[in-house]
Amino acid sequence: MRVGLGYDVHKLIKDRALILGGVEIPHTLGLLGHSDADVLVHAIMDALLGAAALGDIGQYFPDTDEAYKGISSMKLLSHVRNLLEQEGFFIENIDATVIAQKPKLRPYIVQMEQNIADTLKILKNQVNIKATTEEGLGFTGSQEGISAQAICMLGRFYENSTAISNEARGCCENCIKNKGEEA
């Protein structure tokens, strides 16, 4: 099993859509960024890439590349899913927190979780999203920006094989056959 941690932050500005977890949320401000600036999905992607030791999102989707200008972060998340699959990883779970003073996010969390689960081709109960404020403190509390943190656990297909796990523990075939007996 591998654990990854992700963090992202984007500045709030006027005349921009606020998109979190692939959901457009009604608000007077939106997040500034090269893509759709979905801070939640960016934190999740970095957690997933980190757990797999595959770098970070800037490596795959640089903000200097016009191909990613205005792109949906859900499309980028799908690409991360493909990278994980190519390396033999599967997602155990994702837990994320969005830190925003406003707007209230509770009404949108179930849809965010479903969007992320669908894109990653995992069950909705493998994705947990929470939202909190910072009680008016810091840049999120003063509504200058929104941040998100995510943690995930990955497994690798071959790590779950009985033969490999026994071999990795130093057990030989004879030891496995005679479980509980002195070899």
Side-chain angles (χ1 to χ4, degrees), residues 2-81 83 91 93-120 124 126-154:
R2 293 173 174 230
V3 175
L5 179 66
Y7 174 81
D8 197 33
V9 61
H10 284 272
K11 182 178 181 175
L12 282 163
I13 61 168
K14 291 183 180 186
D15 301 321
R16 178 97 178 185
L18 176 60
I19 299 171
L20 296 169
V23 177
E24 187 167 340
I25 298 169
H27 192 47
T28 58
L29 302 171
L31 294 170
L32 176 64
H34 188 65
S35 66
D36 64 5
D38 189 329
V39 69
L40 171 61
V41 173
H42 293 184
I44 290 170
M45 288 190 294
D46 266 344
L48 293 167
L49 290 168
L54 293 174
D56 63 31
I57 62 174
Q59 190 176 327
Y60 295 95
F61 318 113
D63 62 7
T64 55
D65 190 333
E66 287 299 309
Y68 303 117
K69 186 168 180 63
I71 194 169
S72 165
S73 293
M74 300 306 283
K75 287 183 182 178
L76 304 179
L77 183 62
S78 180
H79 182 74
V80 168
R81 182 199 73 234
L83 289 171
I91 299 166
N93 75 305
I94 296 167
D95 186 32
T97 303
V98 178
I99 301 106
Q101 195 65 36
K102 288 183 180 176
K104 294 296 181 192
L105 301 177
R106 170 63 32 216
Y108 309 100
I109 287 179
V110 171
Q111 187 60 56
M112 290 180 205
E113 290 170 338
Q114 191 65 60
N115 290 349
I116 291 163
D118 289 348
T119 301
L120 293 173
K124 185 180 164 294
Q126 291 175 272
V127 179
N128 186 63
I129 298 171
K130 304 173 296 295
T132 190
T133 70
E134 290 191 302
E135 304 297 328
L137 301 173
F139 69 90
T140 59
S142 64
Q143 300 179 60
E144 294 174 59
I146 294 177
S147 66
Q149 300 173 1
I151 190 165
C152 71
M153 183 176 287
L154 300 182

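As a basis for the values below, the full set of heavy atoms in this structure was taken, side chains included, without hydrogen atoms, waters or symmetry mates.
Considering Asp38, Asp36, Thr119 in turn, Asp36 is the only one that fulfils the side-chain hydrogen bond (donor to acceptor under 3.5 Å, both in side chains) rule with Ser73. With Ile94 as reference, Leu120 is the one residue of Ile151, Leu120, Asn128 to meet the side-chain contact (heavy atoms from CB on, under 4.5 Å) rule.
Residues passing the side chain to side chain contact (heavy atoms under 4.5 Å, CB included) test with Thr97, sequence neighbours excluded: Ile99, Lys130, Thr132. Under the rule for a side-chain hydrogen bond (donor to acceptor under 3.5 Å, both in side chains), Ser147 has no partner lying at least two apart in sequence or in another chain.
In this structure, Phe139 CZ and Glu134 CD are separated by 7.0 Å, a value rounded to the nearest 0.5 Å.
The list of ring-ring contact (aromatic ring centres under 6.0 Å, His included) pairs with a residue in residues 42-71, not counting sequence neighbours, reads His10-His42, Phe61-Tyr68, Phe61-His79.
Counting non-hydrogen atoms of neighbouring residues, nucleotides and ligands closer than 6.0 angstrom, the NZ atom of Lys104 reaches no more than 12 such neighbours.
With a 4.5 Å cut-off on side-chain heavy atoms, Val127 and Ile91 do not count as touching. For the pair Gln101/Thr140, no side-chain contact is recorded, criterion being any heavy-atom separation below 4.5 Å from C-beta on. No side-chain heavy atom of Met45 sits less than 4.5 Å from a side-chain heavy atom of Leu83.
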Worksheet item: Please walk me through it: do Val98 and Leu20 pass side-chain contact (heavy atoms from CB on, under 4.5 Å)?
Response: CA-CA 9 Å; Val98 178; Leu20 296 169; 4.3 Å; yes

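Across Glu113 and Ile129, no two heavy atoms sit closer than the pair OE2-N, 3.0 Å.
In this structure, the side chain of Asp56 engages the main chain of Gln59 through a donor-acceptor pair within 3.5 Å. No donor-acceptor pair closer than 3.5 Å links the side chain of Gln114 to the backbone N or O of Lys124.
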